[in-house]
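Residue indices begin at 1 and follow the sequence shown.
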Amino acid sequence: MKRRLSQVWERLQQSFSFEESLNTTIDTSKTFLDAAKTLQENGNNLAVLKPVLQHSSSLLDVLCSPLAQVIGAGLPFVPMGIALLKLYRQNSKDEPPNLEDCVFIVSQVAYLDSVKEILSLDVGVNWDAHLQNSEAVREKLQKLNDIELDYETASKTIICFHQSELAQAFNQILLARLADANITNAAILTKRVAWNTHRYLVKAWIESGDVTKNVIQTSLNEWQKTEQKFQSIDEYLNNQIATKPEEQVFNEDFAFKDIYVSLKARDVDQNGKLDTNIKPFDLETWAKTLLFATSPNTQRQVMFIQGGPGRGKSVFCRMFADWVRQNLHPVWTPILIRLRDIEDFQSSLEETLRSRIKNDFAQCDDGWLTDANTRFLFILDGFDELRIERGNNQSVDRFLRQVGTFQNDCHESKAMSHRVIITGRQMALHGIDRLPPNLERVEVAEMDVKLQKQWFDKWYRKFPTNKTLEFMDFLVKPEHKKSCPPQIKELAKEALLLYMLTAMHRDNILDITKFEQATETEAKILVYEQALNWVLTKQRADSRHPDLNYQLTRQHPEALRRILAEAAVCVVQSGGESASMQMVKARLQQDDEAKELIAKAEKELGEEALKTALGAFYLKSNDSGGVEFFHKSIREFLCAERIKQSLEEWTESGRRGRTFNVDEQTMDWEIYDLLGYGGLTREIVEYLTGLLITSDEFRPVELFKRLENFYLRWCDGEFIDAPPENFPQKKMRLLQDQGIKQGQRQVDIYAGLNVMILLLELHRYARGRDELKEEIIFYPSGKPQENTWTTQLLHVINYSNGIHWGSFTDLLGQFLKGANLRGANLSSIDLSGTDLCSTDLSGALLTNSNLGDTELSHANLSRAYLSRAYLNNANLQGADLNDVNLRSADLSTADLSNVNLDHAHLSGADLSGADLSHANLSCAIVESAILLSADLNSADLSYAILAGSILGGADLSSTDLNGADLSGADLSDDFFGDVRWDENTNWENVQGLDTARNVPEALKQQLGLS
């Protein structure tokens, strides 16, 4: 049986006898608030309801009154709803209130309590501006009386209010009321009120007790669990989200919110390329737009924000999460997760997320993601850190697929409409074969002058000096009297480095002159070196405490720097973002000098001396008692500095006739101790190379010979096969003592591959220096042999893939650029997604190998065997493919523009969609190849054999076909259409056109064949 609101209200009014029915909304706020106050104190005083019922047609009539009074009173309205139910039951014993009656009454007070809470969050807003007897509001109120509820619709309202018909009607009244006050964000405020109403409905059902007994099926225990869930969410938001902007920036006396400015971003296409045609846009606005987008395709998208180190991704995450908390909750409830904190991948993303959320709303409710009354925005920060920690592309692929599937599932489910934002460095997606199709990617743009000025405005509020203004002008004004080196200008476009430069300038540490001739990497090194000197000597010193660091730590700057470097190594080797104090201390105990320094400090300052020393400089304690660096780049730089120190020590000249100061066995162990973990990152290697090049202690030839000697012995299995306790076993034990799960075989593989990375970098360094070209030549697969292929690298790859399939390319894929792999046997190997730009693969055996999506531009593949190889979408632009064997190879959509394929063997190859523009295919054998829709514009196909090839849709504009053989070739296709040519196509001396199939009539006429 359906029930209208007007019927319920009439039944309530019958409880009292009125002399005159005013039925007006004028001056209802006082009677309403008086009743609310009385019922708060005495819920049984039902007589106070008389004026409320006499002067209104519903409880929502109070929205026509000044809202400032309603909000400011701070009175709960739920007791009024319960009192009305009591009155209804008391006067209708023959027909007690049913579910529809209860929902009609309680939903109004719950909605009003929600209005009061949400609007009270916006302090200073004048809710009553232009207040008048709004016809629009009264019209909406009048329509409310005609709304009907039956048992089914009432039940749905209890389950999820914001999706109900009542919510829509209430929202229309509130929207009209807010429109009267010219509130610009009325729509989102109204949504928040509707979503928030459910918690007050729950509160009402709990407090109603016997009044609603036998009316509502849900038990009291279930309502209490729901209320506890809301309380748990509130606790999470207050403790884990609201605190993030308030956290200190390094050891400064100000917080992130004090210097944060909203960043800009650029679109990234499906191929990972920046869309330079679109100007940078505001990152926060982009995220907000996608959150509220209604198109189905947009709602399926995972928001992926990429950016280089120091661009401000993590700070954006913490600031945006809190903005959502303040402005969108509970329509969107932010959940911020650092992906580096994920210890294990679960079978589903739901369980993986739950493993990082320790609050009851996730831990104690199996349906936490399928409750239509909660909608989460998951902000997953640091995808690249998740990848580095695991070093396993299969796990990463699975995680990404889980995210993509999860977002699709959320879109298709009314009860699970959550969204996901992921951040990470650009390299985060490198080498991953199957990216989810629903990634919406943007890249954090460099800070432009406008953003830098905004940042300096905030900095000036903390440091209002002429010095601040002068440095701002120096960085951002081109007409400044002192020319700012371009390297400094470039560094200042990164958020982290802008802070470091400005802070060092504030403290008179920054030496601008050193940057004038530096490259980008060298400039970063200079910043970090000067920053370290700054924090180790001057950062916290003042006139009263000129040597405060020593007073706090009992360590001189050089000792502190060594401690920081060892801590960085520990954090890197731990595979995450932090390391235990025990691990740092154990590592320092291996060095007699460091051991003595720590012992002295502990004697004077106690057992916490080491923690005090570390906590003072770019590190912070975490919940597990360990330490982590405030920023990843600082950790990577210090790790590189520590590796540099050992590399230089290994090549120091020895005394008393010894060739080197460090003997072979000692060096072998130090390699395992320093490099027997995960894999060197590109950033660490770049810093390391830059540090070595500028060092007076860098002896490249000696270093190369020592590392090459180790590499060759490692390839022979000398270390893994040595009797116990051998070096891999020893390092494994030390790691496992610190809770790091890494086996003996993994330690051995990582040590060897990291040495290989160093050798590849030395080889690349030597290529650009005439005096080193003949001294340093690294052959990863061994020196080329006549009439045979070398197999050393093939064994290394297969051995490395014993950790997991693809581990070799995961670790080495980005370091093979320019390598000498001449004559190597790499058959049936998966090298997809690797960077082989300018690599020498001449004469190499690559049959059946997977080189899909590989960067092979300017590589030397002359005389290489690539039959049946998979080169789909590979970039071979400018490569030398002279006399290469590509029989039956898959080159579909590959870039072969400007490639030399002179005398190449391409019979049976799939070249559909490939770009062969300006390629040299003179005398190439291309018979029975598939060239559907291939771009052969301006290519040289003179005397090429194209017999039996399929050329439908191929572009032969300006192509030289002089003397080419097209016998049996198919020049048309049902889907791609006819082959295309123009007046510049050279058909002179073409053979076999008389036997070619589907020759276009226009071509026949042009060549006189018809």
Side-chain angles (χ1 to χ4, degrees), residues 160 162-163 187-188 191-192 194-196 233 236-237 240-241 244 262-263 265 267-268 281-306 313-314 316-339 342 348-354 356-357 361-362 367-383 386 399-424 428-429 435-442 444:
C160 184
H162 71 86
Q163 293 180 354
I188 187 57
K191 282 186 178 181
R192 293 178 71 189
W195 276 76
N196 196 50
I233 291 174
Y236 171 82
L237 293 175
Q240 302 298 325
I241 302 298
K244 295 301 180 185
S262 181
L263 302 170
D267 274 322
V268 179
F281 45 83
D282 184 75
L283 181 59
E284 287 188 7
T285 302
W286 170 82
K288 295 170 190 176
T289 302
L290 289 184
L291 274 182
F292 288 105
T294 57
S295 69
N297 186 56
T298 302
Q299 291 176 349
R300 292 180 185 273
Q301 298 300 100
V302 176
M303 290 175 270
F304 187 92
I305 301 170
Q306 67 185 43
K313 302 180 296 296
S314 294
F316 163 80
C317 287
R318 67 171 65 212
M319 299 300 296
F320 189 66
D322 189 55
W323 183 89
V324 172
R325 177 191 69 84
Q326 294 185 64
N327 297 278
L328 301 184
H329 175 69
V331 179
W332 292 103
T333 299
I335 303 292
L336 177 58
I337 296 176
R338 295 192 312 180
L339 289 176
I342 294 180
S348 67
L349 181 66
E350 291 87 336
E351 290 304 313
T352 300
L353 294 173
R354 176 183 279 185
R356 292 308 315 152
I357 304 171
F361 73 86
W368 70 292
L369 289 177
T370 54
D371 183 353
N373 292 293
T374 50
R375 182 167 63 173
F376 298 112
L377 170 63
F378 292 102
I379 304 174
L380 311 180
D381 182 31
F383 176 74
L386 171 71
F399 177 77
L400 272 179
R401 289 197 300 273
Q402 285 179 349
V403 171
T405 302
F406 175 78
Q407 189 65 84
N408 272 323
D409 291 345
C410 288
H411 168 66
E412 293 171 0
S413 170
K414 285 187 177 181
M416 206 173 74
S417 52
H418 316 296
R419 293 297 299 271
V420 179
I421 295 176
I422 304 183
T423 73
L429 303 179
L435 289 175
N438 57 332
L439 283 188
E440 182 76 20
R441 295 169 64 182
V442 296
V444 180

Can you check whether [X] reaches [Y] side chain to side chain, under 4.5 Å on heavy atoms?
X    : Y    : answer
W195 : N373 : no
R419 : Q301 : yes
V420 : C410 : no
K244 : L336 : yes
R375 : T333 : no
I421 : F378 : no
V444 : I305 : yes
R356 : L339 : no

Point-to-point distance, once rounded to the nearest 0.5 Å, from [atom1] of [X] to [atom2] of [Y]:
X    : Y    : atom1 : atom2 : result
L283 : T285 : CG    : OG1   : 8.5 Å
E350 : T370 : CD    : OG1   : 9.5 Å
L328 : K288 : CG    : NZ    : 8.0 Å
N297 : E440 : CG    : CD    : 8.0 Å
T405 : L349 : OG1   : CG    : 9.0 Å
C160 : D371 : SG    : CG    : 7.5 Å

Worked verdict on L377 versus L291 for side chain to side chain contact (heavy atoms under 4.5 Å, CB included): CA-CA 9 Å; L377 170 63; L291 274 182; 3.8 Å; yes
Test your reading of the model: is there a side-chain donor-acceptor pair from [X] to the backbone of [Y], 3.5 Å cut-off?
X    : Y    : answer
S417 : S413 : no
N438 : G404 : yes
Q299 : A293 : yes

Audit row: I422, V403, side chain to side chain contact (heavy atoms under 4.5 Å, CB included) steps and yes/no: CA-CA 10 Å; I422 304 183; V403 171; 3.8 Å; yes
Scan the side chains in residues 319-326 for donor-acceptor partners under 3.5 Å anywhere in the protein, sequence neighbours excluded, and list what turns up.
| from | atom 1 | to | atom 2 | distance (Å) |
| --- | --- | --- | --- | --- |
| D322 | OD1 | R325 | NE | 2.6 |
| D322 | OD1 | R325 | NH2 | 3.0 |
| D322 | OD2 | Q326 | NE2 | 2.7 |

Aromatic plane relationship, H418 with F406 - under 30° parallel, 30 to 60° tilted, over 60° perpendicular: parallel
Mutual orientation of the aromatic rings belonging to F383 and F304 [parallel < 30°, tilted 30-60°, perpendicular > 60°]: perpendicular
By salt bridge (Lys or Arg N to Asp or Glu O under 4.0 Å) - contacts of R300 (at least two apart): E412
Please report the shortest heavy-atom distance between [X] and [Y], naming the atom on each side.
X    : Y    : answer
L290 : M303 : CD1-CG, 3.4 Å
M416 : D409 : CE-CB, 3.9 Å
L400 : P436 : O-CG, 3.3 Å
A362 : I357 : CB-CG2, 3.9 Å
P330 : R192 : CD-O, 3.8 Å

Derivation of the side chain to side chain contact (heavy atoms under 4.5 Å, CB included) call for F376 and W332: CA-CA 5 Å; F376 298 112; W332 292 103; over 6 Å; no
Residues in side chain to side chain donor-acceptor pair (under 3.5 Å) contact with D267, at least two apart in sequence or another chain: none
Verdict with supporting geometry, I379 and I335, side chain to side chain contact (heavy atoms under 4.5 Å, CB included): CA-CA 6 Å; I379 304 174; I335 303 292; over 6 Å; no
